[in-house]
Amino acid sequence: MPFTADDHAHMARALRLAERGLYSTTPNPRVGCVIVKNGQIIGEGWHQKAGEPHAEINALMQAGPASLGSTVYVTLEPCSHHGRTPPCADALIGAGVAKVIAAMQDPNPHVSGSGLARLKAAGITVEHGLLAQQAHDLNAGFVKRMVLGHPYVRIKTASSLDGKTALSSGESKWITGEAARADVHRLRARSCAILAGIGTVLADNPQLNVRGLETSRQPVKVIVDSTLRTPPDARVLQGAKTLVACTEPDTKKAAALEAAGAEILCLPGADGRVNLHALLSRLAHKGVNEVMTEAGSRLNGALLAAGLVDEWVQYVAPCLLGSAARPLFDIPQPATMPERLTWKLADQRMFGSDLRFVWRKA
């Protein structure tokens with residue numbers, strides 16, 4: 001049976017509710033729920049934070065006894081397993097709802113269709129697939145971690161019109177304006193981890209945190225530092241947890257960084273550099289859904305060359321920096337044109353006088 005215009009409107013509302021958890025639900029997915037009876041919304045909810053009630057529970061609490069015989073719109077298949085909270089499928093069954101429409105099935109192998117199956121076995125009408133792509137995009141990191149064991153990797157660059165990120169001296173403040181830089185903090189806030197290289201740490205001594213907007217958590221900071229050159233008094237070690245990935249940890253340097261609060265990850269690669277595949281796997285194991293880079297041309301280039309980038313957020317300022325300025329990426333030239341890296345445009349918009357492009361793998 002095709003979905004109706006009302007079905008689309010209610011699921012769109014559920015997706016907007018899910019977005020309210022954009023900065024706070026990690027490592028859980030962002031989920032929204034709307035309960036409808038006789039054409040009227042009687043309950044709404046969204047998942048706000050891991051360990052707290054899921055979207056369906058919050059919506060059922062608002063709807064109360066009126067949930068009996070209602071239709072439930074939820075952006076992700078209701079869970080069927082005991083985690084930090086009881087199964088939402090059981091709560092919906094207990095409330096006596098008549099129908100559940102899910103935007104998409106849960107990629108979590110602990111659920112993966114079993115939630116919908118449990119509802120159906122209880123006599124509840126079940127459908128899914130309504131606005132599935134939008135629901136997937138909202139939780140692309142969670143889906144990738146569940147299916148592939150890696151987080152979703154988003155590289156961020158800020159450059160001039162001629163594709164330069166800094167002057168040859170390294171000076172880069174500020175290529176873009178305040179509006180674009182504020183948008184970067186929104187990207188940081190939705191990320192589970194911020195990834196940077198040791199070159200960025202030594203050159204800029206950044207904090208790599210979220211500033212200028214309200215958020216209940218700060219992303220984990222991850223530094224790729226093969227030989228542990230990160231100073232123990234670096235600002236990146238202050239605040240949220242910092243992970244430092246190296247190849248062969250120097251005991252004295254490692255002890256100093258651990259005393260400053262860092263966690264050392266020894267992940268040697270075949271080329272003498274940090275194994276980026278292993279690093280992403282380790283981050284996924286720690287519950288990281290989305291990684292955002294604040295890196296230079298070498299680390300961003302290495303991620304691209306390894307095929308590890310899912311999305312590129314490119315801020316372009318209306319200026320020119322010249323041929324001697326630093327480039328966007330340090331990547332090898334393709335042997336032939338058919339081997340070039342290609343991307344598809346997912347979004348473009350203005351932030352002040354700067355243009356932001358969002359590119360995804362073609």
Side-chain angles (χ1 to χ4, degrees), residues 26-29 107-110 139-157 188 190-202 206 208 218-230 232 234 236-237 240-258 260-313 329-332 341 360-361:
T26 185
N28 289 355
N108 186 340
H110 292 296
N139 286 304
F142 177 77
V143 172
K144 187 179 179 187
R145 180 166 67 87
M146 289 293 121
V147 175
L148 298 177
H150 269 196
Y152 189 87
V153 177
R154 177 183 293 112
I155 60 173
K156 184 274 296 181
T157 64
R188 286 185 182 182
R190 70 170 291 166
S191 303
C192 307
I194 306 297
L195 178 66
I198 182 59
T200 297
V201 171
L202 295 177
L208 298 184
Q218 288 286 341
V220 172
K221 294 169 281 189
V222 184
I223 307 304
V224 176
D225 179 7
S226 296
T227 57
L228 295 183
R229 291 187 290 154
T230 301
V236 74
L237 299 178
K241 182 75 174 181
T242 302
L243 309 177
V244 181
C246 64
T247 54
E248 296 182 8
D250 178 292
T251 303
K252 185 176 180 180
K253 290 180 179 179
L257 290 173
E258 288 171 340
E263 178 182 343
I264 308 300
L265 305 177
C266 184
L267 302 168
D271 57 357
R273 298 180 180 181
V274 169
N275 186 323
L276 296 176
H277 287 271
L279 175 58
L280 293 178
S281 294
R282 187 72 65 88
L283 294 179
H285 184 72
K286 290 177 175 290
V288 170
N289 293 328
E290 297 182 21
V291 172
M292 173 185 168
T293 70
E294 289 282 359
S297 61
R298 290 188 65 189
L299 180 53
N300 278 339
L303 289 164
L304 281 169
L308 297 173
V309 177
D310 299 290
E311 182 176 295
W312 172 19
V313 180
F329 304 118
D330 181 1
I331 54 177
L341 299 177
R360 293 188 182 134
K361 286 182 177 180

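Closest of all the heavy-atom pairs between A262 and L237 is CB-CD2, 3.9 Å. Between P268 and T247, the shortest heavy-atom contact is CB-O, 3.7 Å.
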Donor-acceptor pairs are to be reported for all side-chain atoms of residues 248-256 against protein atoms at under 3.5 Å, with residues two or more places apart or in another chain.
unit_1 : atom_1 : unit_2 : atom_2 : d
D250   : OD1    : K252   : N      : 3.0
D250   : OD1    : K253   : N      : 3.0
K253   : NZ     : T227   : O      : 3.4

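Without hydrogens or angle criteria, D225 side chain to R229 main chain gives a donor-acceptor distance under 3.5 Å. No donor-acceptor pair under 3.5 Å is formed between the side chain of K221 and the backbone N or O of L208. Within the 3.5 Å criterion, the main-chain N or O of V153 finds no donor-acceptor partner in the side chain of K144.
Between L195 and L283, the closest side-chain pair of non-hydrogen atoms is not below 4.5 Å. Side-chain contact between V288 and R145 is absent, with no heavy atoms from C-beta onward closer than 4.5 Å. In this structure, the side chains of L303 and I155 come closer than 4.5 Å at one or more pairs of heavy atoms. Counting heavy atoms from C-beta on, the side chains of P151 and L280 come closer than 4.5 Å. Side-chain contact check for P219 versus M292: every heavy-atom pair is 4.5 Å or farther apart. Counting only heavy atoms from C-beta outward, the side chains of L276 and L299 approach each other to under 4.5 Å.
Within the structure, the side-chain hydrogen bond (donor to acceptor under 3.5 Å, both in side chains) test picks out the following pairs touching residues 294-307 (sequence neighbours left out): K156-E294, R188-E294, T293-N300. Judged as a side-chain hydrogen bond (donor to acceptor under 3.5 Å, both in side chains), the pairs with a partner in residues 262-273 (not counting sequence neighbours) are, in order, E263-K286.
For Q218, there are no side chain to side chain donor-acceptor pair (under 3.5 Å) partners at least two apart in sequence or on another chain. Applying the side-chain contact (heavy atoms from CB on, under 4.5 Å) test to E258 and every residue at least two apart in sequence or in another chain returns I264. The side chain to side chain donor-acceptor pair (under 3.5 Å) test applied to T157 returns W312, not counting sequence neighbours.
Partner of I198 under the side-chain contact (heavy atoms from CB on, under 4.5 Å) criterion, chosen from V244, T230, V224: T230.
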